[in-house]
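Worksheet: the structure to be examined is printed underneath.
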Protein chains: 2
Amino acid sequence: MEINAQSEAPQKLTRRGRSTRTRILRHAADLIYTEGVHATNNKLLRSAAGVSGSQLTHYFPNKESLVLGVVEWQASSILEFHRSERFAGFDTIDAFQDWADFYILSGRPFKDGCSLGALASEIVKTDLDVRDELSQVFKEWADIFREGLERMRCLGRIDASADPARLAHMLMAAYQGGSLLAQIEDDITPLRDSLYAAVDHLRSLTTRRDDTN
Amino acid sequence: MEINAQSEAPQKLTRRGRSTRTRILRHAADLIYTEGVHATNNKLLRSAAGVSGSQLTHYFPNKESLVLGVVEWQASSILEFHRSERFAGFDTIDAFQDWADFYILSGRPFKDGCSLGALASEIVKTDLDVRDELSQVFKEWADIFREGLERMRCLGRIDASADPARLAHMLMAAYQGGSLLAQIEDDITPLRDSLYAAVDHLRSLTTRRDDTN
DNA sequence: CCGAATATGGACGATTTCGTCCATAACGGA
DNA sequence: TCCGTTATGGACGAAATCGTCCATATTCGG
């Protein structure tokens, strides 16, 4: 549950086997994030993870299974982050503001885009069969936002006319689109603008009694 | 100016040469849009455009130049569309609503994403040297929105506190991010939600005297 | 009409990448 | 301790892709 990407492995792995598999996955995720799926080939991954060619085949029979492993790895990381206590289920404006600030103010690198979105856009047109997995993860991600917004609406923190599902998609798109633009322009401004505008929009839907400023 | 992608070619092309080059570019743009950059190889492009291998090399000495040609092709198409009279310089809410509706209501295919954004995200991490070109195009694209919003602000149609540059980035990100999510989920809903939410946010900034509904 | 420049066709080679194969080393349960 | 299972190493092969080369056909300008 907490280490979803590992639990996918067959049970016949020894401790050393699991360690090697995890090491491969870790370096593959890193390489794919910084260099892209296409540039992450056997040679690069072998030298990065310090394994031989046959080990890659042993743990990941083909590239598709490797990419799928990385997708699961990144997905569990992202979902865990969004479900952390830090954001308290996203049922306040402050939580969403904090979420946006995390990407903008924490000095987090932005030049490689979203660890899952950039990967997704690179493979969504290929024959790699990970669409279902990706679709599921993005749905769960959006649901975290949506459920928080629904609570906010029930609690009267945002207007009753607000549509939580629509707003969740808006937040997701603001982050994904902003990340892409920031990558392309090598400038965090588009990401900052789109995230803050999205949170501004949420704020514009707050009911008056909560409008303290 | 109107056919930017062609004007990049050296002048020593005959009529037949220009025709062949354009045909290659047209099919390359189509293939890259539907199949992706990586899958668009010489073999596919040869049979699609009906040319021989040496012709590709003749008009595009390497793949980078081909991709650059396609980027320019798509860029001029997009910029021309956004500068068309239809949107009247984007200085009304209705123009932005019409813009959003174009992607949602016109039955336009969405499964391949934005013709430029999907291409950009696929190559932004590669060694293909088209980052500067892409960056420039996205800047110009955002400027179209920004200038319209600035006029709206000057005319008092939106609040004086509105930030045109930020809102322009919000609109761009809503489209790019929404397109990516729609691709992944094979469902137009995320794109519709993010675009309409973005336009809703603009609408929330309209000054009262223009608020007719 | 003619020579030079351009366009086209198809084969070829160099390189890269994925995945296999087989031998050896380490490990785990009885 | 011992034997079967798992892990590791490096070489190898098959396939794909990019780009070159050279011969031939077509077109352009004078």
Side-chain angles (χ1 to χ4, degrees), chain A residues 6-28 31-32 35-71 122-123 125-130, chain B residues 6-28 31-32 35-71 122-123 125-130:
Chain A
Q6 287 188 5
S7 65
E8 296 292 330
Q11 298 306 330
K12 55 185 176 181
L13 291 177
T14 66
R15 190 172 301 130
R16 187 157 71 129
R18 273 197 303 275
S19 161
T20 301
R21 185 177 188 278
T22 302
R23 181 158 36 97
I24 292 173
L25 216 40
R26 224 177 47 227
H27 287 276
L31 282 174
I32 285 179
E35 309 291 334
V37 175
H38 184 223
T40 300
N41 53 32
N42 286 355
K43 193 177 174 185
L44 251 184
L45 186 51
R46 268 188 303 183
S47 57
V51 294
S52 75
S54 67
Q55 281 165 291
L56 296 185
T57 306
H58 188 199
Y59 295 104
F60 302 97
N62 49 41
K63 193 163 186 177
E64 183 170 309
S65 65
L66 177 69
V67 172
L68 182 60
V70 171
V71 165
E122 212 181 343
I123 61 180
K125 288 182 178 179
T126 70
D127 54 357
L128 272 57
D129 193 22
V130 291
Chain B
Q6 288 187 5
S7 66
E8 296 292 330
Q11 299 305 328
K12 56 184 175 179
L13 292 177
T14 67
R15 189 172 305 131
R16 188 157 72 130
R18 271 196 305 274
S19 162
T20 301
R21 185 177 188 277
T22 302
R23 182 159 35 98
I24 292 173
L25 216 41
R26 224 177 47 226
H27 287 277
L31 281 175
I32 285 179
E35 309 291 334
V37 175
H38 184 223
T40 300
N41 54 32
N42 285 355
K43 194 177 175 186
L44 250 185
L45 186 50
R46 269 188 304 183
S47 57
V51 294
S52 76
S54 68
Q55 280 166 291
L56 295 184
T57 306
H58 189 199
Y59 295 104
F60 302 96
N62 49 42
K63 193 162 186 176
E64 184 170 308
S65 65
L66 177 68
V67 171
L68 182 60
V70 171
V71 166
E122 210 181 344
I123 61 179
K125 288 182 177 179
T126 70
D127 54 356
L128 271 57
D129 192 22
V130 292

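It should be emphasised that the depicted structure is a prediction, and the values quoted were computed from it without experimental measurement. Note on naming: letters A, B, ... go to the chains in the order of the sequence lines (proteins, then strands), and numbering restarts at 1 for each one.
Taking 4.0 angstrom as the limit, B/Gln55 places a side-chain polar atom (N or O) nearer than this to OP1 or OP2 of C/dT8. For A/Thr20, a side-chain nitrogen or oxygen approaches OP1 or OP2 of D/dT8 to under 4.0 Å.
One N or O on the side chain of A/Glu122 and one on the backbone of A/Val37 form a donor-acceptor pair closer than 3.5 Å.
Rounded to a whole Å, the CZ atom of B/Arg23 is 11 Å from the C1' atom of C/dT8. The CG-C1' distance, from B/Leu66 to D/dC18, rounds to 12 Å in whole Å. The distance between atom CZ of A/Arg46 and atom P of D/dG10, rounded to the nearest whole Å, is 10 Å. Rounded to whole Å, atom P of D/dA16 lies 12 Å from atom NE2 of B/His38. With rounding to whole Å, B/Leu45 atom CG is found 18 Å from D/dA16 atom P. Following rounding to the nearest Å, B/Lys43 (NZ) and D/dA16 (C1') show an atom-to-atom distance of 9 Å. In this structure, the CD atom of A/Glu35 is 16 Å from the P atom of C/dT16, given to the nearest Å.
B/Asn41 comes within 4.0 angstrom of sugar-phosphate atoms only, judged by non-hydrogen atoms across all strands, and of no base. In this structure, B/Lys63 reaches the sugar-phosphate backbone alone: every heavy-atom distance under 4.0 Å involves primed, P, OP1 or OP2 atoms, never a base. As judged by a 4.0 angstrom heavy-atom cut-off over every strand, A/Tyr59 is placed among residues touching the sugar-phosphate backbone only.
Donor-acceptor pairing under 3.5 Å, judged by distance alone, is absent between the side chain of B/Thr57 and the base of D/dG19.
Set against D/dG19, D/dG9, C/dG9, the side chain of B/Asn62 has D/dG19 as its closest nucleotide. Of all nucleotides listed (C/dG19, C/dT8, D/dG9), C/dG19 comes nearest to the side chain of A/Asn42.
When each of B/His58 and A/Ser54 is assigned the nucleotide of DNA chain C with its nearest heavy atom, B/His58 is the one assigned upstream, toward the 5' end.
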